[in-house]
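Notes follow once the structure below has been shown.
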2 protein chains.
Amino acid sequence: MTTSSDETRTGVPRPRPGSVGIKEVARYAGVSPGTVSNVLNRPERVAAATRARVEEAIRELGFVRNGSASTLRAGQGRTVGLMVLDLANPFFTDVARGVEDVVSERGYAVLLSSSGGSGEREQRNLLVLAEQRVRGVLITPAADDGEHIGRLRERGVAVVLLDHPTPQANQCSVAVDDVAGGELAVGHLLGQGARSIAYVTGPPSLRQCTDRRRGALRALRAAGIDPAALRDVPVSAMNARAGQEAAARLLDGPLPDAIFCANDLLALGVLRVLLQAGVKVPSDVVLIGYDDIEFSAAAAVPLSSVRQPTYQLGRIATELLLDECDDPAGHAHQQVMFQPELVVRESTR
Amino acid sequence: MTTSSDETRTGVPRPRPGSVGIKEVARYAGVSPGTVSNVLNRPERVAAATRARVEEAIRELGFVRNGSASTLRAGQGRTVGLMVLDLANPFFTDVARGVEDVVSERGYAVLLSSSGGSGEREQRNLLVLAEQRVRGVLITPAADDGEHIGRLRERGVAVVLLDHPTPQANQCSVAVDDVAGGELAVGHLLGQGARSIAYVTGPPSLRQCTDRRRGALRALRAAGIDPAALRDVPVSAMNARAGQEAAARLLDGPLPDAIFCANDLLALGVLRVLLQAGVKVPSDVVLIGYDDIEFSAAAAVPLSSVRQPTYQLGRIATELLLDECDDPAGHAHQQVMFQPELVVRESTR
DNA sequence: CCAAGTCATTAAAACGTGTCAACCCCGGCA
DNA sequence: TGCCGGGGTTGACACGTTTTAATGACTTGG
């Protein structure tokens, strides 16, 4: 043993960190590079004593495996892509939390991307993910065509649709029944005596919006009410500001009995403007949102909403994805569909 | 020109997508692999005609560059890591939005990681980032020691501290003055007549919490009030649930005049329990949070808070990071410090 | 004591790209 | 005509790892 910090007990000079590769580790431990690789990837194949020596060398030299080289040679890496619609929406960040937790547990890494609802940006970012050779992609599609998503799968990238059901049996999907959710919401509004309902909704290209609308109509039909009782109030984004604009437009004409917002961010924006205008919720208008984000319960008037198992959505989707990645042969595609749950609070009482 | 979709006009069979590399493109375009690489990396060096032919081949074959090989050979890739404290906190998701926007604009990709405030998890995830050979890391440190962060930098990874000031001139940091923020908040509370103040705060390992506390004490001192007027109410997490627990504890004893929460999530939790217990805000207690997240304005009692330029924080930090990555030599480290802003709403009026 | 295994280790060949020195072609100049 | 120069292009090697077939040492059963 020497006390010099630059020399090992075998007299091999220690390379500067960053340039230390499997070879240096091998030399330091007195084995071949192949053995070091075995220690990293199939520890059971190497004798306990040598393994210990190699691990010691790894620690001593501060070796960290070069993921690029590994991915290149092995043909597959340990990263997955996550493409969401909107990072500012707690719904998606809750999903992302679930994703990140699972991914981190299994030693993977997650490449984050946001399409912002734009098909073009989605496509551009998917290209970046493809270049990075992600093993799989979790995606809430912005444009419905499934064009470039299909291409991804052809390239051998596992894809799980996130918050997006699919009838096709050749892929996994995890979603919540938005039609049922819309029906729950509007059914509840009707039960509270509402007869005219405004539906504040994002662009029709978003499946979530149209599905919730279909559910709303179904509830009306079930109650024997003219579907015309549902009036669309389209907005261009799904955030609180858009909700404020929607409310301003609503205040221009005669108020409906009830307002159903396609998500809670919209509802919070609507609520704010209504209260400022002196409209009482729920006595003048009843209001319900969707997603049941954490903040809805704490709103000026606690918001009724439709709850989705958001965090679980992210977890399950990621588990499906990684299962497919880790064992593509023995993997059976699943289409998971959760049922939403009505949460009644002051805004509809 | 032939009509077959499997053959090109030159009769070269088209390889299946996924296995098409720079070589296949080269053969298809009738050039050497080196030229294709030049088209990708230094287009100006190749004649317009050949460049067009290569680009055509790329499009035709659906070639996607293998990022791993590229990174391996070039020694550096086009990904950066983002390590946040808590994905469920809108503060960090706003920051993440700024990061993602810039990163996406510049053709980079972002590896997302969350430490959840745990130094151990932070270290584990940093290792994954190092393996992926990220070019840089944006990090809000969970453990203050700067131990493994230093190691990262030694490895040649650019590091920008996010929401974390540093006195050291050898690195970039972007932060908001938390001491000033704490002073603003408590100064305002004192101005409203408060003489006893509870400070609901997370673990002392979080710099944000201790800095805001220092600011609070400074405000007390400036007003000539005994610092003992500030009572700590420590909680183990920085979310709404922890806020609820803190409020429950507060309700056990005599209520203070005012409550200062280390962030808005805590404040929203506190507010909820107070209202349920019949405590009136602001007449019985005044309440102020920190961060001014979007939802604070829409709370049951609109919440006073301390606003930070969150999205900008993410943008600027990323720009600094990428500038350093793209030109390490000509890069001058900067320590950016934003000033927070008091936002007064009903909860303190 | 030998044949047949078993187990641990090794050497060498890939993986797909970037880089760099060498090379070729063509026009201009002496 | 010969030479020079420079833009365009090429070929081959290197990056750090995984993998496979082969080698060697050691055990076991006959």
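What you see is a predicted model, and the numbers here were worked out from it, not measured in a lab. Below, read A as the first sequence line, B as the second, and so on, with proteins coming before strands; counting in each chain starts at 1.
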Item to check | Atom-to-atom span, NZ of B/K23 to C1' of D/dA12 - whole angstrom | outcome: 12 Å
Checklist outcome for this item: Rounded to whole Å, CZ of A/R78 lies from P of D/dT18 at a distance of 11 Å
Item to check | Interatomic distance, B/N41 CG vs C/dT19 C1' [rounded to whole Å] | outcome: 10 Å
Checklist outcome for this item: In terms of heavy-atom contacts, A/F63 and A/V20 come closest through CD1-O, 3.5 Å
Item to check | Side-chain ion pair, A/E56 and A/R59, N-O less than 4.0 Å | outcome: yes
Next on the checklist: Base, sugar-phosphate or nothing for A/S70? Non-hydrogen atoms, less than 4.0 Å.
Outcome noted: sugar-phosphate
Item to check | Rounded distance (Å) that lies between atom C1' of C/dA8 and atom CZ of A/R53 | outcome: 12 Å
Checklist entry - Which part of the nucleic acid, if any, lies within contact of A/G21, taking any heavy atom under 4.0 Å across all strands shown: a base, the sugar-phosphate backbone alone, or nothing? => result sugar-phosphate
Checklist entry - Roughly how many Å is it from CZ in B/R45 to P in D/dG7, rounded to a whole number? => result 11 Å
Next on the checklist: Can you tell whether the side chains of A/R121 and B/E105 come within less than 4.0 Å, N to carboxylate O?
Outcome noted: no
Next on the checklist: To check you understand the geometry: which heavy-atom pair defines the closest contact between A/Y108 and A/C325, and what is its length?
Outcome noted: OH-CB, 4.1 Å
Checklist entry - For A/E131 and C/dG16, what is the distance between atoms CD and P respectively, to the nearest whole Å? => result 15 Å
Checklist entry - Are side-chain N/O atoms of B/N41 and B/R65 paired as donor and acceptor at under 3.5 Å? => result yes
Checklist outcome for this item: From CD of A/Q76 across to C1' of C/dG16 the rounded distance in Å is 16 Å
Item to check | Within-4.5 Å side-chain heavy-atom neighbours: A/R207 and A/P165 | outcome: yes
Next on the checklist: Mind checking if B/T50 touches a base, just sugar-phosphate, or nothing, with heavy atoms under 4.0 Å?
Outcome noted: sugar-phosphate
Checklist entry - So what does A/V31 touch, heavy atoms closer than 4.0 Å: a base, only the sugar-phosphate, or nothing? => result sugar-phosphate
Checklist entry - Which nucleotide, C/dT19, D/dT18, C/dG18, lies nearest any side-chain atom of B/N38? => result C/dT19
Checklist entry - Do A/E120 and A/R124 sit within salt-bridge range, that is, some charged N less than 4.0 Å from a carboxylate O? => result yes
Next on the checklist: Which nucleotide wins on minimum distance to the side chain of B/N66, given the candidates D/dT17, D/dT10, C/dT17?
Outcome noted: C/dT17
Item to check | OP1 or OP2 of D/dT9 under 4.0 Å from side-chain N/O of B/S32 | outcome: no
Checklist entry - D/dC13 phosphate, OP1 or OP2: any side-chain N/O from B/R73 under 4.0 angstrom? => result no
Checklist entry - Which of the following nucleotides, D/dT17, C/dT17, D/dT20, is nearest to the side chain of A/I22? => result D/dT17
Checklist outcome for this item: A/R42 atom CZ is separated from C/dT10 atom C1', nearest whole Å, by 13 Å
Item to check | Residues B/V103, B/T318; criterion side-chain contact (heavy atoms from CB on, under 4.5 Å); working and verdict | outcome: CA-CA 7 Å; B/V103 155; B/T318 310; 3.6 Å; yes
Checklist entry - Angle, rounded to 10°, between the helical axes spanning five pairs at each terminus of the helix from C/dC1-D/dG30 to C/dA30-D/dT1? => result 50°
Item to check | Most 5' of B/L72 and B/G30 on DNA chain D, judged by nearest nucleotide | outcome: B/G30
Item to check | Among C/dG16, C/dT9, D/dT10, the one nearest A/V46 by side-chain distance | outcome: C/dT9
Item to check | Given DNA chain C, 5'-ward residue of the pair A/A48 and A/P33, judged by closest heavy atom | outcome: A/A48
